[in-house]
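A short write-up of the structure that comes next.
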Amino acid sequence: MRPLADRMRPRTLDEYVGQAHILGPGKPLREAILAGRPHSMVLWGPPGTGKTTLARLVAAHADAEFLVLSAVTSGVKEIRQAVETAKAVQAAGRRTILFVDEVHRFNKSQQDAFLPHVEDGTVIFIGATTENPSFELNNALLSRVRTYVLTSLSAEDLGALIDQALQDAERGLRGLRLTAEAKELLIQAADGDARRALNLLEIAADLAVDGEIPREVIAQAAAGTLRRFDKGGEAFYDQISALHKSVRGSDPDAALYWLCRMLDGGCDPLYIARRVVRMASEDIGNADPRSVQLALAAWDAVERLGSPEGDLTLAQAVVYLACVPKSNRVYTAFKAAMADVKAGGSLPVPLQLRNAPTRLMKELG
């Protein structure tokens, strides 16, 4: 049997949950889909926010052929084959939606291969990505598509999705009940991801007692679930930026929160330790010179103790840095001096600053 998340995939826009900012009543994208007027687009958002489903709905409403490529397993050969199929479909009087999942994984030449076929209308291109298109996609491709940002599902959206799954007799789990406490925990564990919510619900359904899923069963199914973190992608840099700016803004609660988010998501504590030393030097500097010493001591402790024992030393250092006075005068002065060096060339050392180890040099001033 197909997984619950696949069985419950929305068949119409009315069944689609979330993304009201682009699919709500009267929104241009919704009106275009309902009118069967598809256009090339990139769907950018976290996992489980409905990118693939939305692409399928676009094709269904346009009565278009739906071709799928995954950038993880496809190359230029597969792109050419898809284009040939699209040309045959076009000759028969139909349109083709070419959906490219994980489009950011294609390199520049692979992305360029789409351009002429998007330009001449052979395919209507829909790309899905979890990474910022501005950084990962060619400008030439971006100029030919509309970019829509999909957001993590809210608690209300996830609740509605779970209710759908429990009430649908044909595709869902009708006959099962979820206690209020279990539903709340499931929503929390899903972390804005519809696919994760339904996968956890399906696992928990196998452990139901007398047709009811208690909170303990959800807790067991969700054990070990991590919050969203991508170890080098958009979320990674957003979160380290949030940690740094919370320290800079003297907000110890926020700094501690973002530290824990990164540790919980699996970030290397040694990477955080290096960044903490940078924060101590860049944002605190001589306002409290002990900050660098404390940050280095935390780094040393993490190397010696590992995780999770060393994580507490990072927390101690981060909170300390957030609470002490701030000064970036050395940081800004260093940047200004470096700019002078690069702009001035190889200027000679002034005579009064030179060393004079010989009598001749002294006589020369």
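Computation of the quantities below employed the complete heavy-atom set of this structure, encompassing side-chain atoms and omitting hydrogens, waters and symmetry-equivalent molecules.
We find that Lys326 and Asp288 are not joined by a salt bridge, their nearest charged nitrogen and carboxylate oxygen being 4.0 Å or further apart. Using a 4.0 Å cut-off between charged nitrogen and carboxylate oxygen, Asp264 and Arg261 do not count as a salt-bridge pair. Between Asp168 and Arg174 there is no salt bridge, since no side-chain N of the basic residue sits under 4.0 Å from a carboxylate O of the acidic one. Salt bridge Glu15/Arg171: present, at least one basic N to carboxylate O contact under 4.0 Å. Contact check on Asp163 versus Arg177 returns no salt bridge, with no Lys/Arg side-chain nitrogen under 4.0 Å from an Asp/Glu carboxylate oxygen. Look at Arg7 and Glu170 and you find no salt bridge, because none of the NZ, NE, NH1 or NH2 atoms lies under 4.0 Å from a carboxylate O. A salt bridge links Glu119 with Arg144; the closest basic N to acidic carboxylate O contact falls under 4.0 Å.
Minimum interatomic distance between Ala317 and Leu294 (heavy atoms only, all atoms of both residues): CA-CD2, 4.1 Å. Closest approach of Pro46 to Ser152, counting heavy atoms only: CG-OG, 3.6 Å. Nearest heavy-atom pair across Ala255 and Val247 is CB-CG2, 3.9 Å. Scanning both residues, Ala5 and Asn199, for their nearest heavy atoms gives CB-OD1, 3.8 Å. For His39 against Tyr148, the heavy-atom pair with the smallest separation is NE2-OH, 2.8 Å.
Side-chain atoms of Ser109 and Asn107 include a donor-acceptor pair closer than 3.5 Å. His117 and Thr122 share no side-chain donor-acceptor pair at under 3.5 Å. Counting only N and O atoms by type, the side chains of Ser241 and Asp238 include no donor and acceptor under 3.5 Å apart. In summary, the side chains of Ser307 and Asp311 do present a donor paired with an acceptor at a separation below 3.5 Å, with no hydrogens or angles considered. Defined by atom type and a distance below 3.5 Å, a donor-acceptor pair is present between the side-chain atoms of Asp283 and His244.
You'll find the side chain of Thr151 stays beyond 4.5 Å of the side chain of Thr49, heavy atoms only. The closest side-chain heavy-atom distance from Glu202 to Pro3 is below 4.5 Å. In this structure the side chain of Phe99 never reaches within 4.5 angstrom of the side chain of Val58, judged on heavy atoms. Looking at heavy atoms from C-beta onward, Asp63 lies in side-chain contact with Arg94 at the 4.5 angstrom threshold. A 4.5 Å side-chain heavy-atom check between Pro47 and Thr130 finds at least one atom pair inside the cut-off. Two residues are said to be in side-chain contact when any heavy atoms from C-beta on lie closer than 4.5 Å; Arg304 and Asp300 meet this criterion. Side-chain contact check for Ile272 versus Leu263: some heavy-atom pair is nearer than 4.5 Å. In this structure, Leu43 and Met41 have side chains that are in contact, with non-hydrogen atoms separated by less than 4.5 Å.
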Query raised in the report: Checking salt bridge (Lys or Arg N to Asp or Glu O under 4.0 Å) for the pair Arg37/Glu31: CA distance, chi angles, key distance, verdict?
Result: CA-CA 9 Å; Arg37 299 193 306 269; Glu31 296 303 314; over 6 Å; no

Requested in this report: Begin with the C-alpha distance, continue with both residues' side-chain angles, and end with the deciding distance and a verdict on side chain to side chain contact (heavy atoms under 4.5 Å, CB included) for Arg329 and Asn286.
Outcome: CA-CA 8 Å; Arg329 294 181 67 181; Asn286 287 334; over 6 Å; no

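The one candidate from Leu153, Leu158, Asp157 that meets the side chain to side chain contact (heavy atoms under 4.5 Å, CB included) condition with Ile187 is Leu158.
Taking the six-membered ring where the residue is Trp, the centroids of Phe106 and Phe114 are separated by under 6.0 Å.
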